[in-house]
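Here's the structure we're looking at; comments come further down.
Along the sequence shown, residues carry numbers from 1.
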Amino acid sequence: MIIKPVPFSSSLMDTGDGSYLELFEGGTKPFTAEDAFWHLALRTNDTDAALERARAAGCEVWVEPKTLLNLGNSGADVRLAFFKGPDGELIEFFQSDKL
């Protein structure tokens, strides 16, 4: 059996609890909204550090870390940041002690 190299990249993200999330680039055709999800949120204990690891890996940062106070009148403050995944999807890191 001949296995040809796959013409796309992938990334394995450690979620911090022994679980992993694997992301694959979509290939060579143009990306459309129907091809994949467009947003994924991952909870972290340190949004800033998680985003710096993504940035160091070459990811394009979409929204620098910021804190939203009393999100939706929930009483929860949320620290969040966004970066682009391999197909342009938005990946969010967020942290909160109350959510």
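Annotation: side-chain contact (heavy atoms from CB on, under 4.5 Å) contacts of Leu71 (sequence neighbours excluded): Leu68, Ser74, Val78, Leu99. Considering only residues two or more places apart in sequence or on other chains, Asn70 meets the side-chain contact (heavy atoms from CB on, under 4.5 Å) condition with Asn73. Applying the side chain to side chain donor-acceptor pair (under 3.5 Å) test to Thr44 and every residue at least two apart in sequence or in another chain returns nothing. Under the ring pair (Phe, Tyr, Trp, His ring centres under 6.0 Å) criterion, Phe94 pairs with no residue, sequence neighbours left out. Here Glu52 pairs with Arg55 under the side chain to side chain donor-acceptor pair (under 3.5 Å) rule; sequence neighbours left out.
In this structure, Phe82 has its ring center no closer than 6.0 Å to that of Phe93.
With values rounded to the nearest 0.5 angstrom, Arg43 atom CZ is found 6.0 Å from Ser96 atom OG. Atoms CG and CD, on Leu40 and Glu89 in that order, are 8.5 Å from each other to the nearest 0.5 Å.
Residues in residues 90-99 take part in no salt bridge (Lys or Arg N to Asp or Glu O under 4.0 Å) pair, two or more places apart or across chains.
With respect to the salt-bridge test (charged N to carboxylate O, under 4.0 angstrom), the residues Arg79 and Asp46 do not qualify.
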Passes side chain to side chain contact (heavy atoms under 4.5 Å, CB included), Lys84 versus Ile91? Steps please.
-> CA-CA 6 Å; Lys84 287 189 175 184; Ile91 301 174; over 6 Å; no

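Heavy atoms only, all atoms of each residue included: Glu64 and Leu51 are closest at OE1-CD2, 4.1 Å.
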